[in-house]
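Since the structure comes first, as structure tokens, the remarks are kept for the end.
Reminder, nothing fancy here: chain letters follow the sequence lines and each chain counts from 1.
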Amino acid sequence: MENTLLGGGGGGGGNSGGMSIVSREENNMAMSSEESSSYPDESELELGLGLSLGGGAKSKSKPTATATAGPWGQYARILTAKDFLSVASTKESSSSSSSSSSVTKSNNNPSCGVKRTAEPSSPPGRSGASQVVGWPPIRTYRIQSLVNHAKSPMTEEITSAVDKCKSMNTIVDKSNCGNNLNRNVAKEKGLLKTSLFVKVNMDGIPIGRKVDLNAHSCYETLSQTLDNMFKLSVAVGARRSNAEEQVVMTRPSRLLNGSSEFMLTYEDKEGDWMLVGDVPWEMFLSSVKRLRIMRTAEANGLAPRSHERNRRQSIAPI
Amino acid sequence: MQTDPNPKKSKDSPSNSANTESTQLPSPFPDEVLEKVLSFLNSDKDRSSVSLVCKDWYNAERWTRTKLFIGNCYSVSPEIVARRFSKIKSVTLKGKPRFSDFNLVPQNWGADVHYWLTMFANVYPFLEELRLKRMTVSDESLELLATAFPGFRALSLMSCDGFSTDGLKAIATHCRNLTELDIQDTDIDDFSGGWLSCFPENFGSLEVLNFASLDSEVNFDALERLVSRCKSLRVLKVNKSITLDQLQRLLLRAPQLMELGTGSFQEDLLPGQIGDLGNAFGNCKNLQTLSGLWEVTSIYLPVLYAACASLTFLNLSYAALRSVEFGNLLAHCPNLRRLWVLDTVEDKGLEAVGSSCPLLEELRVFPADPYDQHLHRGVTESGFVAVSRGCSKLHYVLYFCWQMTNAAVATIVQNCPNFTHFRLCIMNPGRPDYLTNEPMDEAFGAVVKTCTKLQRLSVSGLLTDLTFEYIGKYAKNLETLSVAFAGSSDRAMQFVLEGCPKLRKLEIRDCPFGNAALLSGLEKYETMRSLWMSSCNVTINACRRLAREMPRLNVEVMKDKESDDSQADKVYVYRSVAGPRKDAPPFVLTL
């Protein structure tokens, strides 16, 4: 249960919204006649729900003008007056708008909900329960609390594939309860370090998590924890296969060794985004502000080593 | 009631007779008297009405207003506010559109309080209270707040972002007269719990302390001492890091508490400790609100029983209880007016609500597993019906479920015709009545026809234009309407815009409403606070036209990266006397 929440519903956070600058001239532009409000024929249900940037959603954007620097360059466009002129004069195409947050625009497609759940194949990297951004309408804070709730014994009874998930959960519980128990013990002994919670966001997942860095003493355990937090959610789509889960659980963390589709990065106190793992653990603790699990493809422009500190990244935090 | 030969004249207070002669005589009230009278007015709506009577009243009102409520921080500017009011001591500001709660609004959208604070520092240095909702607040702002307002007493931050525990340190350190520090549903950078230790050792004025949504552990000794010193503490909501043993000690220090938010219950206590905890709860004779209760299990629920007799608000929305233990708990809470639960209690648990809580006025049922479309556990229409049978005073409901029927809703509103807030969320978008397979139109039709006092409505399920025809026709007191994945055509939105005279907030997502719908509400939008439309079928050109025709509206558009150039993916329209906002980020198109 704990892992169904973090699905692929992308686009909601800082990712949405193209860059655009509109000048005053636009207002004087002759308006084309109001286009009809017919909208796309939903012959194929867009499963672009779970995607955020550059996933699989068909992009109809016409790259124009200059792109902003950094790995987001291909997505951010600065629209100028010319763009709007050209748009206004062309006929409206009805096959537009593959907005990632739209689920159904068709007239009363009652099978929509059913259709989505029946959809058997979901590309890797997305939750099988294809998620719409911001739906159901529950506050982020509450969702995060529910996710953390999953550590409770309650979880084991909720999921129907009880046994399979039980094994999954107890493994998770061990790694987390260990922290709790240690904490209680340490408290009594007065040895407790204060906790250091930092936010963790993963590309493609609108809901962030928090992790207590002081509960770890090395990169490996941190990475393993993050693996559990996020990888399991990714595996939800293909869950029900116990074997696969076991594989996920026992695989050593890939976040650090570069073999994964994702890389673990952090923002330091100076605002730079760095790869996790380069500096000694204590130094990392003292400079980290937040974490981000970034798609490897997009992390290429990232300053991988500390000697590139001069170059400030324009990566927008999620 | 006296009989009066001249009924017209005596219908109202003396002011009526004054009015009939007002064309000849000046106002019979000297300014001082008028101001004194108006100073008793607290309601914002009353004050608005008063200010419209005549120039004298407008001035008297503006010179006596001390509480400022701004429902949309962009509807007015700090300068305008500063010019009109001079004696403001309390400010409530709301920022982002509500759908930002659900990640539909990108970060850095705006609603930064800093500009307001710098104005307040100049014009209202005697400011005492600040309540913010969905605003961005930086540490710098908190430091300014802490240092520029010597009399500052109450800070409430709900669903805000942008600050860290460093900012809280400043508040704790500098606000000598702080009575209220209330942080709710905020997601901030939590560097450490050390902020709590920044309250000076001689500081003891707190009445409200809520840090439940923070993660870091605070220094318990400092907290215990603080609680001991604050004799007027009536609200204490701690975070998960506080253990049961610590909770027990806090309760012993503050038996006068009226509202308590516990820490986590995930702990192994010895029987003796459990007994102590139960006694500590029993000591709290004034407890009206109980919340927190993370990971509470059936073993620990009995410790709460002794404190439940006076409870009027029980928030179990972070406790995954099952029906039996929940029912046992409820048996001890006969005076409940408000109840928030997780749907793990299932229909059986809601039956217990119906039978144990006759005074219930508000019920919120949250889903424990909102994304699990396969299992569909939780509550169904039966639970809701069961509550409505036993709780005739119910008027506020927020209900998350996977299935509903028209018949059930009709029964529910028949049992409880006094709904003011009806928020039903069938979690599968576009789900019809699961028994008849028909749209849920008749359900909401029943709601609006029967519940004449309805102020707030959230609809869901498979809905055609008929639902909205009903809403427009019958929902005469409706102020807030939330619509998602519903409607068949533009007519739906038009029905609402044409029909609901008191509509203030309309928020729509993923509906087949296009330009005709948007443009049918031109003047209407000026009577409303705001309109939100996302993932509908509106184009930027239409928005431009709206902006042109209605200069007193701000029309803002945000585009999704993948969409067609002409589509206005997210539209936010709101009335404003301040003109287009100057702090719009690049991704917000102001038309």
Side-chain angles (χ1 to χ4, degrees), chain A residues 1 4-5 7 11-14 16-22 27 31-32 34-35 37 39 57 59-61 75 83 87-88 92 96-105 107-110 112-113 117 129 131 133-134 136-141 145-146 149 152 154 158 160 194-195 197 206 210, chain B residues 99 101-104 106-107 185 187 190 192-193 213 215-217 295 318 320 366-375 377 400 425 427-432 462 464 485 488 490 510 512 514-516 534-535 537 539 541-542 545 548 558-567 569 586-587 589:
Chain A
M1 164 190 143
T4 55
L5 293 176
S16 67
M19 314 272 273
S20 41
I21 296 177
V22 181
N27 294 333
M31 292 298 153
S32 56
E34 295 307 322
E35 52 275 359
S37 55
Y39 37 90
S59 172
K60 301 247 167 142
S61 59
Y75 301 106
D83 297 306
V87 164
E92 285 303 319
S96 61
S97 183
S98 52
S99 159
S100 64
S101 62
S102 139
V103 175
T104 170
K105 290 186 181 175
N107 296 324
N108 293 333
N109 193 347
C112 236
T117 54
Q131 288 170 26
V133 174
I138 303 172
R139 281 193 187 163
T140 313
Y141 171 73
S145 292
L146 287 179
H149 218 295
S152 75
M154 195 55 218
I158 281 190
S160 66
T194 52
S195 44
F197 279 96
K210 279 191 177 170
Chain B
F99 277 1
D101 286 350
F102 317 126
N103 279 338
L104 288 181
Q107 286 210 351
D185 292 357
D187 186 27
D190 198 335
S192 87
S213 56
D215 287 315
S216 288
E217 188 169 332
E295 289 129 358
Y318 297 107
F366 295 97
D369 195 355
Y371 300 106
D372 188 358
Q373 298 184 27
H374 302 281
L375 292 180
R377 296 174 74 118
F400 285 87
C425 181
M427 286 186 276
N428 247 332
R431 185 114 203 257
L462 178 65
T464 70
F485 305 105
S488 320
D490 287 343
D510 292 278
N515 298 331
S534 59
S535 303
N537 209 39
T539 65
N541 281 340
R545 177 160 155 206
R548 239 182 348 158
M558 291 183 276
K559 289 185 59 52
D560 289 340
K561 288 198 170 97
E562 296 94 19
S563 75
D564 194 287
D565 277 349
S566 62
Q567 286 301 107
D569 303 298
F587 57 81
L589 214 70

Problem set entry | Main-chain N/O of B/Asp101 paired to A/Thr140 side chain as donor or acceptor, under 3.5 Å | yes
Problem set entry | Smallest separation among heavy atoms of A/Pro137 and B/Cys425, with atom names | CD-SG, 3.6 Å
Seminar exercise, completed: Minimal heavy-atom distance between B/Leu104 and A/Val133, with the atoms involved, is CD2-CG1, 3.8 Å
Problem set entry | Exercise: identify the closest heavy-atom pair between A/Pro136 and B/Tyr371 | CD-CE2, 3.8 Å
Exercise. What part of B/Phe99 gets closer than 4.5 Å to chain A, counting heavy atoms only: side chain, backbone, both or neither?
Worked result: neither
